[in-house]
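Structure first, commentary second.
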Amino acid sequence: MESPLPLLIRPMTLEDVPCVRQIDVLSFSLPWSERSYRFEVMENTHSSNWVAEVTLPDGSREIAAMMVIWIILDEAHIATIAVLKEYRRQGMGKRLLAQGLLAAHERGARLAYLEVRRSNLNALAMYEQFGFQVVGERPKYYQDNQEDALLMTLFQLEPEKLAQWV
């Protein structure tokens, strides 16, 4: 289902960090620190950071989703991506991921990879729609419950295919 609200996907700014951190806290049992997000925005030259901002009916804006991608040589690593619960299943995650991967391609990335909880079926389904394939696992990767992480790779970033999601 497409979001009925106007959506702007844009680079993350330092001013976004408190909202981004809150999305992380609400989405994950092992959230990053605010300091970590500040580092990504201000210091990490390999980091490509994005937010999805909705315009509400009253004209105000809210950050509904965020993503951090690390770009190292020709590889894009999706470090984190999350959508606020009330905006999930509206296509925002797909649009955000596609925009981030297109930007990574522009910076020289030709493949992408990530880790995802084995139990996160919604995320797995989204990644598979993009062409990510499970290539391995990290047993007991997540410290909170010892859940395994599945390693997924998108072997070729194809801008024309990614553009369909933007």
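Counting non-hydrogen atoms of other residues, nucleotides and ligands closer than 6.0 Å to CZ of Arg107 gives a total above 12. More than 12 heavy atoms of other residues, nucleotides or ligands shown are found within 6.0 angstrom of CD1 on Ile72.
Remark: side-chain polar atoms of Asn49 are paired, donor with acceptor, to backbone N or O of Glu40 under 3.5 angstrom. Side-chain atoms of Glu147 come within 3.5 Å of backbone atoms of Ser119 as a donor-acceptor pair (strictly under, hydrogens ignored). Within the 3.5 Å criterion, the main-chain N or O of Ala109 finds no donor-acceptor partner in the side chain of Asp74. Side-chain atoms of Arg10 never come within 3.5 Å of backbone atoms of Val51 as a donor-acceptor pair (strictly under, hydrogens ignored). Side-chain N or O atoms of Gln164 include one that pairs as donor or acceptor with a backbone N or O of Lys161 at under 3.5 Å. With hydrogens and angles ignored, the 3.5 Å screen pairs a side-chain donor or acceptor of Ser27 with a backbone N or O of Ile23.
Listed here is the closest heavy atom pair of Leu101 and Ala112: CD2-CB, 3.8 Å. Of all the heavy atoms in Met66 and Thr80, the pair that sits closest is CE-OG1, 3.9 Å.
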Report task. Take Trp165 and Leu97, measure what side chain to side chain contact (heavy atoms under 4.5 Å, CB included) needs, and give me the verdict at the end. Result -> CA-CA 9 Å; Trp165 303 107; Leu97 180 58; over 6 Å; no
Requested in this report: Start with the C-alpha gap between Leu151 and Thr153, add the side-chain angles, then the distance that decides, and say whether side chain to side chain contact (heavy atoms under 4.5 Å, CB included) holds.
Outcome: CA-CA 7 Å; Leu151 304 173; Thr153 300; 5.9 Å; no
Query - Worked check of side chain to side chain contact (heavy atoms under 4.5 Å, CB included) between Glu62 and Glu53 - result: CA-CA 5 Å; Glu62 179 177 27; Glu53 184 179 80; over 6 Å; no
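Between Asp16 and Tyr37 there is no side-chain heavy-atom pair separated by less than 4.5 Å.
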